[in-house]
Structures are given as structure tokens and as C-alpha cells.
Amino acid sequence: MIPPVLAVVSRSTKKKHSEFEAEALPHMDVLYNFALRTTGNEDDARDLLQETYLKAYRFWDKYEKGTNIRAWLFRIMKNSYINRYRKETKEPDKVDYDEIENFYNSIRAESTDPNDLQQKLFGNLLGDEVTKALESLPDDFRTVVILSDIEGLTYEEIAEFVECPIGTVRSRLHRGRKLLQAKLYEYAKKQGIVDGD
Amino acid sequence: MDCRSFQEHLGDAIDRFLPQSVEQEFQAHLDLCRKCRDEFELERLCKQVVQRKIKRVGTPPATQALVLHSLQEQYAKASSSAEGWWDRLFTRRALVPAIASGLAVVVFVLFLTVQRDPSEALTDHSASNDLINQSFKNFALVRSGELKPDFVASCPESVASYFKKSSIDFAVHVVRMPDCEWYGAMAVEHAGVKMAHVAYRTGDDWMFVCEARHDAVMQSASLSLPPAAKRALTASNWYIDPAHPECNVVMWITDGVLCTAVSTMKKEKLLAVLTTR
């Protein structure tokens, strides 16, 4: 059990604390989900979430009231993740467009009924396989796919979150999804859902 | 529209941000070009697969508690270094329990002298719309994890701020508990009566408090109170319910707000906590 903390209250910090909690804590689930999909395990997600909130609390004075608090928290989490994990993880995979092109060609060659084939392709995949495929994407691509397809953010919001132009968001999303298709296709081949070439 | 232009708008179309001005051209190309159509369908399917297979999860309670605890530690550190003599006077660890115990004794004596009623019918509240029953059910759901608060924080002021921003139109009284691990909050409306629910977790103990305007509860055709509770609240603003031996239920009125607390805490401890408000 977590030992109790006797919170000795001073009026000068009470306001800051309650403001912070009221503004920042409602976004915990969004941040946790992002941390979980980014780190790939609950322990690291928990640590990353804790670090994010502690940093945000420490730098609460720097937060510009009225601006997008979720984007601010997200950027803190993203930077914490980069500082904490990037040294430990391998460099992002190079995007192999030849492989993706081959993938499209093989799909087209097998595609007598596109709708049926596509459903057959990805419809039988398990959640774990899709999660693994997503986690294996390079950071920048994975981030925009999560924010768009899981969190349902608009391009404008994502651009604010990741601090890059909307055009870059579009491009990363498109390339991320292409990579994801290739990964999912590999899983489908391994499982025998589709015939490999 | 050619293939290159189609590719530029592909993501917009999948994410439903395609400008109206190019919708027709895009659709025309989609109908004509097999290569682009396949790519469009695959990318759309890919998005659907991610949405269907990867479910959003809630923050695990242990992780939530850890974050709140860390914030509480930071808060305590900052507060203890900044407090003045006036703050120290009123936050003395011995002073607060002493006042609380004294008030608890007063409330308990009031309870003994005013509440006791030999008629069982007076305390009967088996009706499903009974406020105590409803609070008891919600308390059980919060404890089992089936009912998750909309907002969780480490200090009562944060919960009060949350309610200020919600639809609740009265001042919610959030009890400060020195060893509370987290405070949970929900703003709901039941049969036209706005209700603020506050959950408290402290060690192995739980407390759930439902607050609503007293007059709104009394006027509501959809909410009821046992006759004994009505009488006691009118006489002393306090009522301790004897019908739930497995936990303690206390009702009180403050500033026109009727509060119903259900807790696993022992009666004396619960009263001590409630009277430090």
C-alpha cells in the first residue's frame, strides 16, 4: 500500500495545485493510452505517465492558460519518452518502399474480389498482432497513426501536438499506414490467412 | 484528377477532411482507376482495423494512484516550505484531530438523543428511489470498480474546481482527508435533480458522498427518504442510518445541500472525518 502523505496545506500553493489537477488530470487516460502504445508495456507506460505529470506539475507556471493543455501535456510526454527511451531502443527502421510496392502488387494479383480479399486479409487478425504491428512502426509514424486513428484527432490538432506542419502530418500518416499494411500483411501471410508469394 | 493529385487527397478522403470542391473529381477518379481504388480501400481498411482491434483502455487504478501520490508529495513539499505561522497554527497534526473528536462526540450525542425511534417503519427505506439506497448502490459500484469516477484528483480543491466547471449549480462540499489516496468525482442528473458524487479512498476504507440541493430532493417525485431521516434532518440537520450494518450511512444538511455519506469507516472515525469539514 502506498504510505499516506500528510499534505500540509498552504494557501499559496493550494490554488496552483487545484488548478493543475483540474486542468491536467482529466487527460490521464489519453496520455496513458499513448504511453502504452508507444512503450509497448504497462510498466514503462506507468513510469512515463508519472514522469510526464511530475514534469508538468513542476513547470505549470510555464503553461500558457487557455491554450491546448492536452497538446502541452502530450509534448512533455513525447520529450520524456525521447529522453528516456531513445538511447535504449534501436534507431527507427528505414522505410522499405520496395517491400510495400511488392505488397500492393501481390494484393492486386490475388484480388479477384477486392472487398472480400481485403476483409479476409486484415479481418481475421487478432488485436495483439495489430498492436505489435503498430508498436513496430518508427516513432514519428506511429505517433500520428495513434493520434489520428485511435484518439480521433484532426490534422490540425495533431500538427499542434507534434509541432510540425499539417502537410507533414498528412505525409507521415499516409506513410505510417502503408507501413502498417505491410506489417499486417506479413502477419496474415504467417497465419496462412493469405497465400504468400 | 490524375493519380498524383488523387494520392495527395487520399488521406483527407479517408479521414473525412476532403474539401467539397474536389469531392466529385476524387470520386470520379476512384471509380475509374483500379490502382488508386485498391490503394484507397487498403488504406481505409487499415484505419478501420486499427480502430477496431486496438481498444482504448482506462488508466489502471494502481497507476492512477501512483500519479496522484507523486503529485501529493510534490504538493506537500511545496506547501511545507511555503507555509506561514497562521497556516501552521491550523494545520497542527494534534489540533485538527482534537477538534474533530470533539465535534464527533457532539454529533454522536445528538444522534443518541434525537435519532432513536422505536418504529421500524420510520427507518424503512426499501424503495428503489430511496436516496440512501441509491447512494449505497453507487458506493458498492465504485468499490467494485464498475463505476469509474469521471475525474480523479489528489486534493479536495481540485474536485471542487471540477464541480465548478460542471453542470452542478451548488457549492459541493469536499471533505479533506489527510491520508486520502485519491478523490473521485462525478456530476450527474437524476430525475431532474443535479447530484455531485464524491468518492474517497483512504487505505482500506472507502467513502462515497452524494450531494444535492435539499429542496430539490424534497420536491422531487422520483427521490425519497425514510421518514426517520426526514424528521432527524429537520430537527438536527443530521441523520445516521441504522439499516446498513455492513457500513455506515450518515446524512447531513449544510448550506442547503443534502449530503449522504456511505462508508466502510467505523462510525466514530467517519463522524470525525465529516465534522472536520
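As a basis for the values below, the full set of heavy atoms in this structure was taken, side chains included, without hydrogen atoms, waters or symmetry mates. Numbered from 1 within each chain, the chains take letters A, B, ... in sequence-line order. None of the values given here were measured: they were computed from a predicted structure.
Within 6.0 Å of the NZ atom in K65(A), the count of heavy atoms belonging to other residues, nucleotides or ligands exceeds 12. Annotation: E19(A), atom CD; neighbour count of heavy atoms from other residues, nucleotides and ligands within 6.0 Å is above 12.
Proximity to chain B (any heavy atom under 4.5 Å) is restricted, for R170(A), to the side chain, taken from C-beta onward. Looking at S154(B), both its backbone and its side chain come within 4.5 Å of chain A, counting heavy atoms on both sides. No part of T52(A) comes within reach of chain B, as not one of its non-hydrogen atoms sits under 4.5 angstrom from that chain. Heavy atoms closer than 4.5 Å to chain A are found in the side chain of K165(B), but not in its backbone. Residue contact with chain B, scored on non-hydrogen atoms closer than 4.5 Å, is absent for L31(A). For D150(B), no part sits under 4.5 Å from any heavy atom of chain A, backbone or side chain.
The candidate with the highest count of non-hydrogen atom pairs below 4.5 Å against chain A, out of T202(B), V67(B), V50(B), D12(B), is D12(B). If you tally non-hydrogen atom pairs under 4.5 Å between each of R58(A), R46(A), E23(A) and chain B, the highest count goes to R46(A). Contacts with chain B were tallied for V145(A), L54(A), L173(A); L54(A) has the most, counting heavy-atom pairs under 4.5 Å.
Taking the six-membered ring where the residue is Trp, Y155(A) and F17(B) present perpendicular rings, their angle passing 60° and hence far from 30°.
Salt-bridge check for R56(B) with E151(A): passed, with a basic side-chain N closer than 4.0 Å to an acidic carboxylate O.
If you take OG1 on T63(B) and CG on L48(A), they are separated by 11.5 Å, rounding to the nearest 0.5 Å. A distance of 10.5 Å separates OG of S161(B) from NE2 of H17(A), quoted to the nearest 0.5 Å. Separating the CG atom in L71(B) from the CD atom in Q50(A) is a distance of 8.5 Å, to the nearest 0.5 Å. Note that CD of Q74(B) and CZ of F20(A) are 10.0 Å apart. Values are rounded to the nearest 0.5 Å.
You'll find the side chain of M28(A) reaches within 4.5 Å of the side chain of Q64(B), heavy atoms only. Looking at heavy atoms from C-beta onward, L25(A) lies out of side-chain contact with V152(B) at the 4.5 angstrom threshold. The shortest distance between side-chain heavy atoms of L134(A) and K53(B) does not fall below 4.5 Å. For the pair Y32(A)/P60(B), a side-chain contact is recorded, criterion being any heavy-atom separation below 4.5 Å from C-beta on.
Across every non-hydrogen atom of F151(B) and A22(A), the tightest pair is CZ-CA, 3.7 Å. A pairwise comparison of heavy atoms in Q181(A) and E43(B) identifies NE2-CA, 3.1 Å as the closest pair.
Checking L153(A), T154(A), D149(A) one by one against D15(B), the side-chain contact (heavy atoms from CB on, under 4.5 Å) holds for a single residue, D149(A).
A side-chain donor-acceptor contact under 3.5 Å links E21(A) to the backbone of C155(B). A side-chain donor-acceptor contact under 3.5 Å links N33(A) to the backbone of V57(B).
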Worked check of side chain to side chain contact (heavy atoms under 4.5 Å, CB included) between K47(B) and R177(A)
CA-CA 7 Å; K47(B) 176 175 173 157; R177(A) 283 177 182 155; 3.6 Å; yes
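Listed by chain and number, the residues in a ring pair (Phe, Tyr, Trp, His ring centres under 6.0 Å) with F170(B) amount to none (sequence neighbours excluded).
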